[in-house]
Amino acid sequence: MRLSRHFLPTLRETPAGAEIVSHQLMLRAGLIRQTAAGIYAWLPLGHRVLMRIAAIVRREQDRAGAIEMLMPTIQPADLWRQSGRYEAYGPEMLRFPDRHGREMLYGPTNEEMLTAIFRDCATSYRDLPRTLYHIQWKFRDEVRPRFGVMRGREFLMKDAYSFDLDPEGGKASYDAQFTAYLRTFAALGLKAVPVRAPSGPIGGDLSHEFHIIADTGESEIFYDAALDDVDLADPEAPARLRGLYAMEAEEHARAAECRVPPGRLARRRGIEVGHIFFFGTKYSAAMGFSVQGRDGAPVTPLMGSYGIGVSRLVGAIIEASHDAAGIIWPDSVAPYDVALIDLRPDDPDCAGAVAALAGQLEAAGVAVLHDDRDARPGEKFATMDLIGLPWQLIVGPKGLAAGTVELKRRATGERHMLSPESALARLTGGS
RNA sequence: CGGGGAGUGGCGCAGCCUGGUAGCGCAUCUGCUUUGGGAGCAGAGGGUCGCAGGUUCGAAUCCUGUCUCCCCGACCA
C-alpha cells in the first residue's frame, strides 16, 4: 500500500483532552477519530489492528471448540423482561422506541438473546454441551466515558456463552475458556494476569478477570509475585496460575486469609481485558430453558459467559508497548508488517529499487506500507516511528550506491545495513 | 450524578476582564532552493468565534438560556 494514496491522518501535536498515552497515540497515529463522548470511528490503520486482534481472538475461540455466530446489536425489550434484567439494568442501557412504539435497546451484552435462541433450538441432552460466541459491537451508556477506547460507550467485544448439563461439564467449559484466554493474550504479545473476581451467588473459583499490568489501569489487583514467573506458553500454565493467589481488589478485601508469603504480595494497577464467569441456571431457569435428559427428565442447562474487550485491547496493547516516539506494535497485531521508506521518491533509481522491493515483499505475503510521499526523510522517520510498524526498510541513494538498504527494528532501534536480497530474506522468513 | 474546566480556520492556542469588524504556531496550496531524523525563503487560500435570544450605534468580547466536549470523584465488562 502506497502511503501517498492511503488515508492516514497523523497529528503532530497531542490533541486536547487526551489524557493517557494510548489515547494520545491512537489519535496522533490516525487510528481513531472521536464522533461523540465514548464513541469512535476506526480509521483505516486502527481498523486493521482491530481486525487482526479479532482474528486472533477468533482463532483461539475456534481452537477451544467454541462456535462462531453473529447476533444483532439491537434487541427487543421483551427479551430482557424474561430474565428480569430490563428493569434491573438501569440507565447504562440505551433504550429507544422503534416507529411502531416497540421498546428496543442497543445490547450491552447477549445472555438473554442467546439463551432464547438456544432454548428454542436445543431440546435434548444430545444438544449439549455447546459454547457459542460472536464478536459484535456493544453499547453501554457509561456515566463518564474516558481514556479513549479504554472506556468507550460503544465497544467491540467477543462474548461467548456455554451451556452444560452438569456442574462438571460447566467447569470444563469454563476451563476451556480460561486456557483460551491465556493463549489469546499471549498471542497478542501481552502478559495477562488472571485474578479471581467476585463470582456472585455461585461462589467458588468460577469468575476470573484478566488484567494487563499498567499504571494507567482502572483496576487494582493483588497477587503472589511468583505469578510473574509463570511461563504462559507452558501447557501447565493454567493449573499453575490458578494455584497462586491472585485477587481483584474487592475480592482481596473479602478474602478470609491471604496465603501469600510475606514480601511476595504484589499490588498493581491493571487494565481489565477479559472477564469470565460461570453462573449456573441464572438465565436458563428464568427464561424457562430445559432439555430432556437421558432418563427423560427435564434438565436446566448450566451456563457461563466469557468476554474479551477487543477494542479495549487496542488501547491496552499501546499502554503496554510504546516509547517517546510512538507506538510499538507487537508483530501479531501490527497494521502492516513493514514500513518501506523511500528517502528519495524523486530519484528514479531509488524509486525503482523501492518499487521492486515492495512488489517482492507483497508477493511473499508481507503487508507493506510504502512511504512514497514527496517529503523529507525526517518526516518519514517520525511518521513511521509514530505508527509503530515492527520493521522499517529504509532505501536511499547513498545506500543503493553502496549496494545496501537499511533494516531497522522499531522495538529495539537495532539497525542493519544489508543487501536488498538479504533484507528481503529476513523479512520473508528466509535465511 | 456531585464538583471543576473548555467550545475562536484541519490541529494546538491567544484575543474576552477594559465591546470598535479576528490573530499566532503547525498543517494546506504555488514557486524556488533543499533532501538520512518533523527544512529555508517568497507568496496564497481557509474562520456566520458551539447554538439561540437579549443589551448596544456596534458583540468573539457584556447578559440570559441551551447544546456539546474534557477533567476529578462516585459508578462500571
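Note that this is a predicted model, so its numbers are computed, not measured. Proteins come first, then strands; the chains are lettered A, B, ... in the order of their sequence lines, and each starts at number 1. Below, all heavy atoms of this structure are taken into account, side chains as well, without hydrogens, waters or symmetry copies.
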For nucleotides [N] and [M], find the distance between their [atom1] atoms and express it as a whole number of Å.
| N | M | atom1 | result |
| --- | --- | --- | --- |
| rU28(B) | rU64(B) | P | 43 Å |
| rC17(B) | rA6(B) | P | 15 Å |
| rC24(B) | rC49(B) | C1' | 16 Å |
| rU8(B) | rC51(B) | P | 10 Å |
| rG9(B) | rC41(B) | P | 26 Å |
| rC16(B) | rA52(B) | P | 24 Å |
| rG65(B) | rG23(B) | P | 32 Å |
| rU61(B) | rG73(B) | P | 34 Å |

In Watson-Crick or G-U wobble terms, both distances under 3.5 Å, what is the partner of [N]?
| N | value |
| --- | --- |
| rC1(B) | rG73(B) |
| rG9(B) | none |
| rG43(B) | rC29(B) |
| rU18(B) | none |
| rG58(B) | none |

As a test of reading the structure: which of [options] is closest to the side chain of [X], going by heavy atoms?
| X | options | result |
| --- | --- | --- |
| R146(A) | rC75(B), rU35(B), rC69(B) | rC75(B) |
| R33(A) | rG10(B), rA39(B), rC76(B) | rG10(B) |
| H275(A) | rC71(B), rA77(B), rA39(B) | rA77(B) |
| F155(A) | rC69(B), rA77(B), rG37(B) | rA77(B) |
| L11(A) | rC71(B), rC11(B), rU35(B) | rC11(B) |
| P377(A) | rG73(B), rU35(B), rC76(B) | rU35(B) |

Counting the atoms with a prime plus P, OP1 and OP2 as sugar-phosphate, which does [X] contact under 4.0 Å by heavy atoms, base, sugar-phosphate, or nothing?
| X | answer |
| --- | --- |
| G274(A) | nothing |
| E13(A) | base |
| R415(A) | base |
| D159(A) | nothing |
| E209(A) | nothing |
| T383(A) | base |
| K408(A) | base |

Report task. Indicate yes or no: at least one non-hydrogen side-chain atom of R33(A) is less than 4.5 angstrom from one of P9(A). Result -> yes
Any ion pair linking [Y] and [X] (charged N to carboxylate O, less than 4.0 Å)?
| X | Y | value |
| --- | --- | --- |
| D62(A) | R59(A) | no |
| R409(A) | D331(A) | yes |
| R95(A) | D141(A) | no |
| R2(A) | D342(A) | no |
| E319(A) | R269(A) | no |

Requested in this report: Rounded to the nearest angstrom, tell me the gap between atom CD1 in I394(A) and atom P in rU35(B).
Outcome: 19 Å
Report task. Flag the pair F210(A) / Y181(A) as yes when their ring centroid distance falls below 6.0 Å, and as no otherwise. Result -> yes
Requested in this report: Let me know, please, whether G307(A) or F147(A) comes out on the 5' side of the other along RNA chain B by nearest nucleotide.
Outcome: F147(A)
Query raised in the report: Does a nitrogen or oxygen in the side chain of Q34(A) sit under 4.0 Å from OP1 or OP2 of rC70(B)?
Result: yes
